Structures are given as C-alpha cells and as structure tokens.
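In this text, all values refer to a predicted model and were calculated from it rather than measured experimentally. Just so it is clear, the values below take in all heavy atoms, side chains as well, and ignore hydrogens, waters and symmetry mates.
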Amino acid sequence: MFRTKRSGLIRRLWRSRAPVEGDGETDRGTHGSGGCCMGKATKVAKSNAGSEAELKALTHSILKKIKEKHLEVLLQAVESKGGARSPCLLLPSKVDAKVGQQSYSLPMLLYKVFRWPDLRHSSELKRLSCCESYGKINPELVCCNPHHMSRLCELESPPPPYSRYPMDYLKPPDSPDSGPSSSETGGTTYSAPMGLSDSLAMQESGERAHWCVVAYWEEKTRVGRLYSVQEPSLDIFYDLPQGNGFCLGQLCSDNKSQLVQMVRAKIGYGIQLTREPDGVWVYNRSCYPIFIKSATLDNPDSRTLLVHKVFPGFSIKAFDYDKAISLQRPNDHEFTQQPRTGFTVQISFVKGWGQCYTRQFISSCPCWLEVIFNTR
C-alpha cells in the first residue's frame with residue numbers, strides 16, 4: 001500500500017511518544033520515591049485499551065492538520081530527546097483537544113503525548129529561555145516543541161528532618177588550602193576562590209565580565225580549569241549531539257574509579273544553566289536525577305541547607321537574586337565568610353549526599369559541579 005511522507009512521519013512520531021508506567025519503557029530517571037524535592041512525575045497507571053485508542057486517534061487527527069515541515073521539526077526534537085537543536089514549532093494556541101472528559105490545548109496535548117503523560121496543567125511547566133515564545137503572554141502562535149519546555153520542580157514545605165544537612169562554609173579568598181576537606185561539623189570547606197585567578201585575569205585583560213564561573217570536581221579533585229560564563233545560557237554536558245558549552249567529556253581526568261567513570265558516562269546531555277530576570281535556573285537535560293544545594297532554596301533563617309533532588313526534564317530556580325540580597329545581612333557569619341565572588345551552588349550528577357544518603361559530603365560524590373556567582 002502506498003504511504004505518503006506525512007503518514008510515515010506521523011507513524012514515527014506515535015512510536016516515539018512518551019511511555020507511561022507499564023509500557024516497560026519508562027525512563028529510569030523519571031520516577032522514583034523519596035528524595036528532597038517534589039520535582040518528580042506522578043506515577044501513571046497504564047492506560048486501558050479504550051483510552052489508548054482514543055488518544056492515538058486524537059493525536060493522529062491533530063498531527064494530520066500540521067504541515068510536513070512542522071512534523072519534521074517535531075520528529076527531530078522527539079527522536080533526539082532534546083539533544084539536537086530544533087527550532088520552535090509555532091502553532092495556534094487556541095485549538096483545543098478532548099481526551100475523555102478532559103480538554104487540552106494543542107500545546108498541552110503535544111507535551112502530554114511526547115514528554116509527560118501525567119501532565120495536568122500548564123502551571124506545572126516552565127518554558128526554556130531559548131524558545132521564541134519565552135516571556136510572551138497569550139500569543140496567537142505559541143511554540144509547541146515539547147523539548148522547549150520543562151517541568152517545574154516544587155519544593156517540599158516544610159522540608160523533612162532526615163534530609164537536613166549541615167551548612168558548608170566557604171573559606172575567605174586568602175585561604176591557603178587547595179582542596180575540599182571535611183570539617184568537624186560535617187561541612188565541606190572549599191578553596192575554589194584560589195582558582196578564580198583564571199577568570200579574574202580575563203576581566204583584568206578587558207574581556208566582558210563573567211556572571212559566574214563553574215568548577216567540575218570528581219570526588220575531592222577538581223578536573224580542568226574554571227569555566228568562565230558570559231553568555232546568558234550554558235550547556236554543561238558529557239555527550240551532546242549538537243550544542244556548545246562546557247563539555248566535561250573533553251577534560252583530562254586521572255581518576256580510575258569505576259564509580260566515577262560510570263557516573264561520568266551517565267551525565268549525558270547534562271544540565272542547562274540559564275541566567276534569567278528572576279534568578280539562575282537549572283534544567284536537568286539528562287536521563288538521571290541531579291542534586292542541588294543553594295542558600296536561596298532554603299529558609300533564610302535556617303543554619304542548614306537542604307539538598308534538593310531534581311528529576312530529568314525538570315527545572316529549579318537554583319539561585320534567586322532577591323533572596324540573595326536579603327541573605328546578605330550585616331554581621332552574618334555565613335556570608336561574611338563567602339569569597340568576594342559571591343554565592344556558590346553545588347550540583348551533583350546521579351548521586352546525592354547528606355543524611356539520607358550513604359555519602360555525607362559532596363566531596364564524596366563521583367561527579368559534581370560548583371557554580372560560583374559573581375555578585376559584584
């Protein structure tokens with residue numbers, strides 16, 4: 001039987017839809033229990049044959065109305081799982097579709113089918129800053145590219161006591177130490193400011209000022225130089241089909257630990273670090289959870305910080321500018337001990353740390369990042 005190009009694209013798209021629980025293909029990093037962040041997908045029971053057939057018929061009918069060039073864009077994004085650079089898919093936002101008793105807009109339907117089957121409301125989503133529809137309110141045409149969106153990571157309130165972990169203190173810039181060391185209080189003392197000469201030299205030479213620098217660590221050893229960030233968005237990855245940024249796979253590491261090598265290989269598409277008007281956001285592009293600790297994610301009156309678990313496809317505001325200003329109180333021991341470059345956010349790939357994990361300190365994690373913000 002003769003098949004048109006359009007029908008072939010639609011078949012490939014349907015085969016690439018996001019699996020629901022029970023399909024046997026569910027992303028290992030998407031679901032899970034425990035953790036310190038509510039940024040995880042709600043488990044969805046496998047659809048019955050009737051609803052699956054209804055969803056398939058509806059999706060096919062919607063896709064048949066989309067131009068071939070738009071179907072190709074959608075297929076590129078879906079098959080690469082966001083790894084390939086795909087343009088915006090601008091379609092009418094007013095078109096509604098109905099699955100059972102529930103009505104969805106066209107963008108919501110595509111997000112449900114190709115990314116998050118458990119998605120219920122647009123308030124659970126955050127548009128990535130690379131998207132043309134970013135920041136626009138009620139446009140006639142809206143981007144429907146599922147990989148130009150992320151899920152919002154909802155923080156637990158109040159946080160569970162088991163996930164609390166002593167604050168990490170940063171030594172002043174004149175600290176003589178050269179690596180992380182455990183302190184009696186269970187924190188970790190860092191000497192990252194010593195390496196800031198790499199990025200400070202760039203400023204003194206007249207280059208554009210950085211808004212943060214990134215250090216990559218494997219356990220207690222920093223690997224490579226500090227990466228100075230001037231652009232609003234940075235991809236940090238081990239293996240990305242298309243894209244520029246901080247490629248961890250190109251760094252020379254002498255670490256022969258099997259665990260480090262296994263975790264390094266799981267970093268995959270990594271994370272996207274984005275400076276936006278309200279703060280710095282971290283988007284987990286990988287297939288495994290990441291773990292984040294930041295002073296602005298926690299209660300400003302707390303003397304301990306919470307380690308937040310962020311699942312694949314989710315975004316979290318890792319650094320809030322307004323909260324950072326309020327945290328800079330006179331005579332505050334924590335922030336008078338900060339290096340002159342400002343605040344630090346720590347991110348571990350795959351493995352968590354703290355009192356609910358076997359690793360108590362981030363310096364025990366196989367692969368992790370230190371993001372040091374320039375607040376000057």
Quiz item: Does His121 offer a backbone N or O that forms a donor-acceptor pair with the side chain of Glu124 under 3.5 Å?
Solution: yes

Quiz item: Just one of Phe349, Trp217, Trp353 clears the ring-ring contact (aromatic ring centres under 6.0 Å, His included) bar with Trp368, so which one?
Solution: Trp217

Quiz prompt | Least distance between heavy atoms, Pro146 atom then Leu74 atom | solution = CD-CD1, 3.5 Å

Practice problem: Without swapping roles, check the side chain of Gln272 against the backbone of Tyr269 for a donor-acceptor pair under 3.5 Å. | Solution: no

Quiz item: Any side-chain heavy atom of Leu119 sitting closer than 4.5 Å to one from Arg151?
Solution: yes

Self-check item: N/O donor-acceptor pair under 3.5 Å between Lys293 side chain and Gln346 backbone
Solution: no

Quiz item: Given the rule in the side chain to side chain contact (heavy atoms under 4.5 Å, CB included) test, do Leu128 and Trp281 qualify, once you have shown the distances and angles that lead to the verdict?
Solution: CA-CA 10 Å; Leu128 301 180; Trp281 287 81; over 6 Å; no

Quiz item: Taking it one step at a time, do Val280 and Tyr321 satisfy side chain to side chain contact (heavy atoms under 4.5 Å, CB included)?
Solution: CA-CA 8 Å; Val280 177; Tyr321 298 135; 3.6 Å; yes

Quiz item: Between Ile66 and Leu90, is there a shared hydrophobic cluster once you connect ILVMFWY residues whose side-chain heavy atoms come closer than 4.5 Å?
Solution: no

Exercise. Dump the intermediate steps for salt bridge (charged side-chain N to carboxylate O under 4.0 Å, His left out) on Arg15 and Glu79, then the final yes or no.
Key: CA-CA 10 Å; Arg15 287 196 298 267; Glu79 289 191 336; over 6 Å; no

Quiz item: Quick check: does any side chain N or O of Asn284 sit under 3.5 Å from a backbone N or O of Ile271, one acting as donor and the other as acceptor?
Solution: no

Self-check item: Side-chain touch Leu109/Leu58, heavy atoms, less than 4.5 angstrom
Solution: yes

Quiz item: Going hydrophobic residue to hydrophobic residue with side-chain gaps under 4.5 angstrom, can you get from Ile267 over to Val260?
Solution: no

Quiz item: Has Lys317 got more than 12 heavy atoms of other residues, nucleotides or ligands less than 6.0 Å from its NZ?
Solution: yes

Exercise. Could you give me the CA-CA distance, side-chain angles and deciding distance for Glu370 and Tyr216, then say whether side chain to side chain donor-acceptor pair (under 3.5 Å) is met?
Key: CA-CA 7 Å; Glu370 191 170 30; Tyr216 171 61; over 6 Å; no

Practice problem: Decide yes or no on side chain to side chain contact (heavy atoms under 4.5 Å, CB included) for Ile236 and Arg285, but give the supporting numbers first. | Solution: CA-CA 10 Å; Ile236 305 174; Arg285 303 182 67 185; over 6 Å; no

Quiz prompt | Heavy-atom pair with the smallest gap, counting every atom of Phe114 and Ala18 | solution = C-CB, 3.7 Å

Practice problem: Name the orientation class of the two ring planes belonging to Phe246 and Tyr227 (parallel below 30°, tilted from 30 to 60°, perpendicular beyond 60°). | Solution: parallel

Quiz item: Can you tell me if Arg222 uses its side chain to pair, donor with acceptor, with the backbone of Gly224 under 3.5 Å?
Solution: yes

Quiz item: Is the number of heavy atoms from other residues, nucleotides or ligands within 6.0 Å of CG (Asp254) greater than 12?
Solution: no

Exercise. Please step through side chain to side chain donor-acceptor pair (under 3.5 Å) for the pair Asn145 and Ser86, ending with a clear verdict.
Key: CA-CA 8 Å; Asn145 188 327; Ser86 55; 2.9 Å; yes

Exercise. Would you mind checking if Glu72 and Lys67 are paired as a salt bridge, meaning a charged N to carboxylate O distance below 4.0 Å?
Key: no

Practice problem: Measure the spacing between SG of Cys365 and CD1 of Ile347 and express it to the nearest 0.5 Å. | Solution: 12.0 Å

Quiz item: Does the Arg6 side chain pair with the main chain of Lys64, one donor and one acceptor, at a distance under 3.5 Å?
Solution: yes

Quiz item: For Thr274, does its backbone N or O pair with a side-chain atom of Ser233 as donor and acceptor, under 3.5 Å?
Solution: no

Quiz prompt | Nearest-0.5 Å distance, CG of residue Leu234 to SG of residue Cys212 | solution = 7.0 Å

Exercise. Would you sort out whether Ile316 and Ile292 count as a side chain to side chain contact (heavy atoms under 4.5 Å, CB included), showing the intermediate values?
Key: CA-CA 9 Å; Ile316 190 170; Ile292 297 182; 3.5 Å; yes

Quiz item: Measuring from Leu63:CG to Leu110:CG, what's the distance to the nearest 0.5 Å?
Solution: 6.5 Å

Quiz item: Do Tyr288 and Phe311 have their ring centres less than 6.0 Å from each other?
Solution: no

Self-check item: Shortest non-hydrogen contact from Tyr283 toward Arg115
Solution: OH-NH2, 3.3 Å

Self-check item: From His147 atom NE2 to Leu89 atom CG, the distance as rounded to the nearest 0.5 Å
Solution: 12.0 Å

Quiz item: Once you round to the nearest 0.5 Å, how far does CG of Leu106 lie from SG of Cys144?
Solution: 4.5 Å

Quiz item: Do the numbers put Arg11 on top of the ring of Trp14, so that NZ or CZ is under 6.0 Å from the six-membered ring centre and no more than 45° off the axis?
Solution: no

Quiz prompt | Residue pair His148 / Cys88, side-chain heavy-atom distance below 4.5 Å | solution = yes

Quiz prompt | Value rounded to 0.5 Å, distance of OG1 in Thr59 from CD in Glu54 | solution = 10.0 Å

Quiz item: Between Val78 and Val142, is there a shared hydrophobic cluster once you connect ILVMFWY residues whose side-chain heavy atoms come closer than 4.5 Å?
Solution: no

Practice problem: Determine whether Phe343 and Val229 fall in the same hydrophobic cluster, where Ile, Leu, Val, Met, Phe, Trp and Tyr are linked whenever their side-chain heavy atoms lie under 4.5 Å apart. | Solution: yes

Exercise. Check the hydrophobic clustering (I, L, V, M, F, W, Y; side-chain heavy atoms under 4.5 Å; chains of links allowed) and say if Phe237 and Val350 are grouped together.
Key: no

Quiz item: So, are Lys266 and Asp239 salt-bridged, with charged N and O less than 4.0 Å apart?
Solution: no

Quiz item: Where do Leu125 and Tyr111 come nearest, in terms of heavy atoms and distance?
Solution: CD1-CD1, 3.5 Å

Practice problem: Show your working on salt bridge (charged side-chain N to carboxylate O under 4.0 Å, His left out) between Glu132 and Arg127 and close with a plain yes or no. | Solution: CA-CA 10 Å; Glu132 289 182 26; Arg127 191 171 295 280; over 6 Å; no

Exercise. Evaluate the criterion salt bridge (charged side-chain N to carboxylate O under 4.0 Å, His left out) for residue pair Glu218 and Arg264; output intermediate values, then yes/no.
Key: CA-CA 9 Å; Glu218 291 179 353; Arg264 193 189 301 146; 3.0 Å; yes

Quiz item: Any side-chain heavy atom of Cys153 sitting closer than 4.5 Å to one from Lys309?
Solution: no

Practice problem: Return yes if some donor-acceptor pair links the side-chain N/O of His60 with the main-chain N/O of Lys56 below 3.5 Å, else return no. | Solution: yes

Self-check item: Cys143 backbone acceptor or donor facing Ser133 side chain under 3.5 Å
Solution: yes

Quiz item: Would you say the side chain of Gln258 lies within less than 4.5 Å of the side chain of Val263, judging by non-hydrogen atoms?
Solution: no

Exercise. Determine the minimum heavy-atom distance between Met149 and Trp116, stating which atoms define it.
Key: O-CH2, 3.7 Å

Quiz prompt | Where Ser80 and Ala84 come nearest, the two heavy atoms and their spacing | solution = OG-N, 3.2 Å

